[in-house]
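Everything numeric here is computed off the predicted structure, so don't read it as measured data. In each ligand, atom 1 is the first atom listed, and ligand 1 is the first ligand listed.
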Amino acid sequence: MATDDRHDVTQPLAPAGRVPDDHVIVICGATGDLARRKLLPGLFHLAKAGLLPARYRVVGTAPAADSFGDAEFREHARQAVAQFSRAAPEGPEWQAFEDTLSFGAADPGETTPLQSAVREAERAIGGSPRRLFHLAVPPVAFGSVVTMLGASGLAEDARVIVEKPFGTDLASARALNDTLHAVFAESRVFRIDHFLGKESVDNILALRFANGLFEPIWNREHISHVQIDVPESIDIQGRARFFEGTGTFRDMIVTHLFQLLGFVAMEPPAALDARSLREEKDKVFRTLRPLDPAHVVRGQYEGYRGEQGVAPASDTETFAALRVEIDNWRWAGVPFYLRSGKALAEGRHMVTLTFRQPPLRMFPADVHDDGTARGCSSLAIDFDDPGSITTRFLAKEPGPEMRLGQTEMVFDYAGSFVQDHALEAYEHLILEAMLGDQSLFTSAEGIDRLWEVAEPLLKDPPPVEPYARGSWGPEGIHRLVRPHQWYLPDGR
Ligand code: BG6
């Protein structure tokens, strides 16, 4: 029994009563990249951790032209787990998992193999298991797969996980919601944004609402600006077909970074349940000021236009940085700077809140060499898994003179908790969907509003500015945040 104030490691991960009902999980797009990298390895890890229900089956599906037999699907899964899972595909646990896998092809108008596979899986489980579809298909296929599931009768009483990006603008997102709602009630739709499954993002809620320390200063009185910064060192890694039509704004900003902003900026929810959390997040989105293209920097890394599958005069951005304003009492006048891009100097996941200067500056040498003021205390949340939280502040350097030095206090997830129970983002979110808990999923209303906010930028995007690979983005990023500075790379 843990008696100190550290995490009680004897506590089960899923609190009592949070065990999913028996399930048939259907992966649509089971032969694709997402299934191979995340879903199959994730399901195996959940099974191994004892977090899946006692009785479950996993059915893979894809168009007939691309389909597998059961044995082939099992071998495909074994290879995926060997390559991408923390747990090796061996021993009785693998055997038990492998035995749950089967495959049934499906095309619009011909869904018989999938229907038989699902029926067979349900028969093997017995009783009335739930059905969960995971749409791991390209965005252009969402609509047709949903309609196909509706027409086949398979969608009845089922839940569905839909991948991002949800639409490409306001009109397409609305049309997609109409298609979805014709088949699945909103309470059965789980729009996934895997950033919301990251442990450290949940921890933003804990940090803010479980402590008396931070929330009282989490507002415009004390915070001068906020940065949500997700630079990536990887380039598009051959994903030209997806990326050319998407770009960083749709791939990362209007999705992952805005969802994070919702968590950072929300009011205290009435309870930690789906309704309250989504309500508060959606309220933040309602108060977002429509994006001003003058406050957006779009960039493209040098050499992007030469990549295979990229148009020689492509205007797709591989980088975006923007200033976002929230018109409510807590945040009025506090800029939120968002940045993400490919082929940058480092891959990081950071949320930084910088505090206002004290009203009186009475210390000598209170400036940086470049003349800017020192002493911007900050709270930096690094939500890389496992992540850390750093508070930066000025302290007196030892000695006879009153000299200030920048210093920090660091909470490091990895060194503070037992990691055995940690789940990857996808694992966490699949489990939540099986439990029917929509807290960490996006709502139709929220997505609709984000596309509405994005309209002025999508209609009138500024030209892309080139930037060197391995840099922090185009020159314009410094202008965008003036008089502030980017926290990365120097941590000011
Ligand atoms: C995906 C984007 O949703 O998120 C990718 O499509 C991006 O372009 C990825 O690289 C980043 O996720 P993570 O968890 O590695 O930061």
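- Leu260 is listed as a side-chain neighbour of Phe383, based on a closest heavy-atom distance under 4.5 Å.
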Listing, residues 455-464 side-chain donor-acceptor contacts under 3.5 Å, not counting sequence neighbours, or none:
none

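- His181 and Glu186 are linked by a side-chain donor-acceptor pair at a separation below 3.5 angstrom, with hydrogens and angles left out of the test.
- Remark: His295 pairs with Asp292, Arg323, Leu480 by the side chain to side chain contact (heavy atoms under 4.5 Å, CB included) rule, at least two apart or across chains.
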Measure and list all N/O to N/O distances between ligand 1 and the protein that fall under 3.5 angstrom.
from: ligand 1; atom 1: 3 (O); to: Lys164; atom 2: NZ; distance (Å): 2.7
from: ligand 1; atom 1: 3 (O); to: His256; atom 2: NE2; distance (Å): 2.8
from: ligand 1; atom 1: 4 (O); to: His256; atom 2: NE2; distance (Å): 3.4
from: ligand 1; atom 1: 6 (O); to: Lys164; atom 2: NZ; distance (Å): 3.3
from: ligand 1; atom 1: 6 (O); to: Arg239; atom 2: NH2; distance (Å): 3.1
from: ligand 1; atom 1: 6 (O); to: Asp251; atom 2: OD1; distance (Å): 2.6
from: ligand 1; atom 1: 6 (O); to: Asp251; atom 2: OD2; distance (Å): 3.4
from: ligand 1; atom 1: 8 (O); to: Arg239; atom 2: NH1; distance (Å): 2.9
from: ligand 1; atom 1: 8 (O); to: Asp251; atom 2: OD2; distance (Å): 2.6
from: ligand 1; atom 1: 8 (O); to: Lys342; atom 2: NZ; distance (Å): 2.7
from: ligand 1; atom 1: 10 (O); to: Glu232; atom 2: OE1; distance (Å): 3.4
from: ligand 1; atom 1: 10 (O); to: Glu232; atom 2: OE2; distance (Å): 2.5
from: ligand 1; atom 1: 10 (O); to: Lys342; atom 2: NZ; distance (Å): 3.1
from: ligand 1; atom 1: 12 (O); to: His194; atom 2: NE2; distance (Å): 3.2
from: ligand 1; atom 1: 14 (O); to: His194; atom 2: NE2; distance (Å): 2.8
from: ligand 1; atom 1: 14 (O); to: Lys198; atom 2: NZ; distance (Å): 2.7
from: ligand 1; atom 1: 16 (O); to: His349; atom 2: NE2; distance (Å): 2.6

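- Ser172 is listed as a side-chain neighbour of Asp169, based on a closest heavy-atom distance under 4.5 Å.
- The side chain to side chain contact (heavy atoms under 4.5 Å, CB included) search around Thr316 returns Phe243, Glu244, Tyr304, Ser314, not counting sequence neighbours.
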